[in-house]
Amino acid sequence: MSEVWSKEDELAILDMINKWVENEVRPIAKEHDQEDKYPHALVEQMKDLGLFGATIGQEFGGLGLPASIYAKIVIKVASAWMAPSGIFNSHLIQASAIERCGTAEQKEKFLPRMVTGELRGGVALTEPNAGSDLQAIRTTAVKDGDDYIINGAKTWITNSLNGNSLLVLVKTDTDIKPRHKGTSLFVVETKDADGNFLPGIEVIKMKKLGYKSIDTCEVVFTQFRVSASNLVGGVEGKGFVQTVGGLELGRINVAARGAGIGLGAMELAVRYAQERETFGAPICNHQAIQLKLGEMAAKVEASRLLIEQAAAKYDAEERCDMEAGMAKYFASETGVFCASEAMRIFGGYSYSVEYDIERYYRDAMLMCIGEGTNEMQRIIIAKQLIEKYKI
């Protein structure tokens, strides 16, 4: 536990979030998801709750929450509706990179505005040809006087349509070996004071299976100018290291979202199993259903513990890529498992949009892919095991 935040503080924060989720988030989830409608009102409430500054340091006006409390907030939000958690998660990953790696001037310029939500951002890493292999990006930034000129395309970028800032990974040197030494990060403000996209930026919303209502887009940069003062850290060639350094918090967040989906799906299944009757008895009395519920509960609880372990190491500023990878892998797979098993418990009604479980099912798989695929997580875990038990 952080010295700044007591157990009583934690309980008060989580109680506030619980009430917000039950009173504001859950009631609108179905309508917004089915209509793929952006939750503007929730965003304004997130500003009031301080969620856009949740993990940003108090010296910049943020709450400075430890990862252990932040993860619990994410689990609760995702247990009702996973999508809104992406709005503040992507934003906070951007803020984390600036806070960890930015210059003093960059921190003072951007972080206080990010805390209030005046500046809302995301992270533009992925490209059509470069997902987990970030060294393969093709977007370039070429120095031109006091500016850099960015050309290239990013894809699957959260907060790119309704937000107004992005952390963009580019190549500033396309020839250097190893390739990661040629990457750099820029803070890009994408809109003018009137909310219009700046010249050289085109944003195209993508259609998705799940994760509806959230602005996931392709972002195309064409001769876009950004000030050299927006180069994170002020030095070229650090982008890959700066990016990877922020993935631990991102993976803890995705793990929490996976656990939240698992928890929410389990709760729906437990309720439905008591309401639905077959052969003259509630289906919760049938062993086949009890076996499913028992395994769901064990996996959700195990996910929580893995997340707590990773968050504790992160808060202690210890290396936690293996622990974060374990939590992300297991908890996201738990989300998929619980959503799938709940679909079976709901039977034919699981295919009806009358019931929320179909949304959990559609949202779950994304957590196994985003923030580094689960195949990559297992490779990371295995490499550390080999190093730890080297003969």
Side-chain angles (χ1 to χ4, degrees), residues 90-91 93-114 118-131 133-204 217-246:
S90 296
H91 170 89
I93 292 177
Q94 178 186 3
S96 173
I98 296 171
E99 193 166 4
R100 285 182 296 104
C101 308
T103 64
E105 292 76 14
Q106 289 167 347
K107 295 176 186 179
E108 290 296 333
K109 179 180 179 181
F110 296 116
L111 292 177
R113 295 164 62 203
M114 296 187 78
E118 172 197 342
L119 202 63
R120 288 198 297 105
V123 184
L125 308 178
T126 304
E127 298 185 4
N129 63 296
D133 183 10
L134 292 178
Q135 296 182 75
I137 63 168
R138 296 175 182 172
T139 299
T140 59
V142 178
K143 188 77 182 292
D144 184 42
D146 293 331
D147 296 334
Y148 281 81
I149 299 176
I150 299 178
N151 285 284
K154 298 292 182 178
T155 193
W156 300 111
I157 310 305
T158 303
N159 287 344
S160 50
L161 182 61
N162 290 288
N164 54 8
S165 173
L166 290 173
L167 193 67
V168 184
L169 185 67
V170 300
K171 281 284 182 72
T172 45
D173 188 332
T174 58
D175 298 320
I176 195 171
K177 302 293 182 182
R179 293 177 300 165
H180 70 82
K181 290 188 175 181
T183 60
S184 301
L185 275 177
F186 282 88
V187 181
V188 172
E189 295 193 56
T190 59
K191 295 178 179 177
D192 61 23
D194 296 321
N196 300 311
F197 283 105
L198 296 173
I201 296 181
E202 181 183 9
V203 176
I204 307 153
C217 307
E218 180 179 7
V219 182
V220 180
F221 296 94
T222 306
Q223 295 296 107
F224 177 78
R225 283 187 172 270
V226 60
S227 172
S229 64
N230 285 24
L231 171 63
V232 176
V235 180
E236 290 185 7
K238 304 293 185 181
F240 183 80
V241 174
Q242 292 167 343
T243 299
V244 172

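Positions are given from 1 along the sequence. Treat the numbers as computed from the prediction; the structure is a model and nothing was measured.
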With no hydrogens and no angle check, do the side chains of Gln135 and Thr183 hold a donor and an acceptor under 3.5 Å apart? no
Any heavy-atom pair between the side chains of Phe224 and Val219 that's under 4.5 Å? no
Do Leu169 and Thr139 come close enough that some side-chain heavy atom pair is under 4.5 Å? no
What I'd like to find out is whether the side chain of His91 reaches to under 4.5 Å of the side chain of Met114, using heavy atoms alone. yes
Heavy-atom side-chain contact between Ile204 and Cys217 under 4.5 Å: no
Flag the pair Arg113 and Glu189 as a salt bridge only when some basic side-chain nitrogen lies within less than 4.0 angstrom of an acidic carboxylate oxygen. yes
For a side chain to side chain contact (heavy atoms under 4.5 Å, CB included) with Phe186, tell me which candidate from Thr172, Leu167, Leu166 qualifies. Thr172
State whether a side-chain donor-acceptor pair under 3.5 Å links Asn230 with Gln106. no
In the structure I gave you, are the side-chain heavy atoms of Asn151 and Phe221 within less than 4.5 Å of one another anywhere? no
Close side-chain approach of Val187 to Val232, heavy-atom, < 4.5 Å: yes
With a 4.5 Å limit on heavy-atom distance, are the side chains of Leu185 and Lys238 in contact? no
Considering only NZ, NE, NH1 and NH2 on the basic side and carboxylate oxygens on the acidic side, decide whether Asp173 and Arg179 come within less than 4.0 Å. no
Find out whether Lys154 and Thr126 are in side-chain contact, i.e. whether some heavy atom of one side chain is under 4.5 Å from a heavy atom of the other. no
Option among Glu236, Arg225, Lys143 that satisfies the side-chain hydrogen bond (donor to acceptor under 3.5 Å, both in side chains) test with Tyr148: Glu236
Side-chain H-bond candidate by donor/acceptor type, Ser165 with Gln94, under 3.5 Å: yes
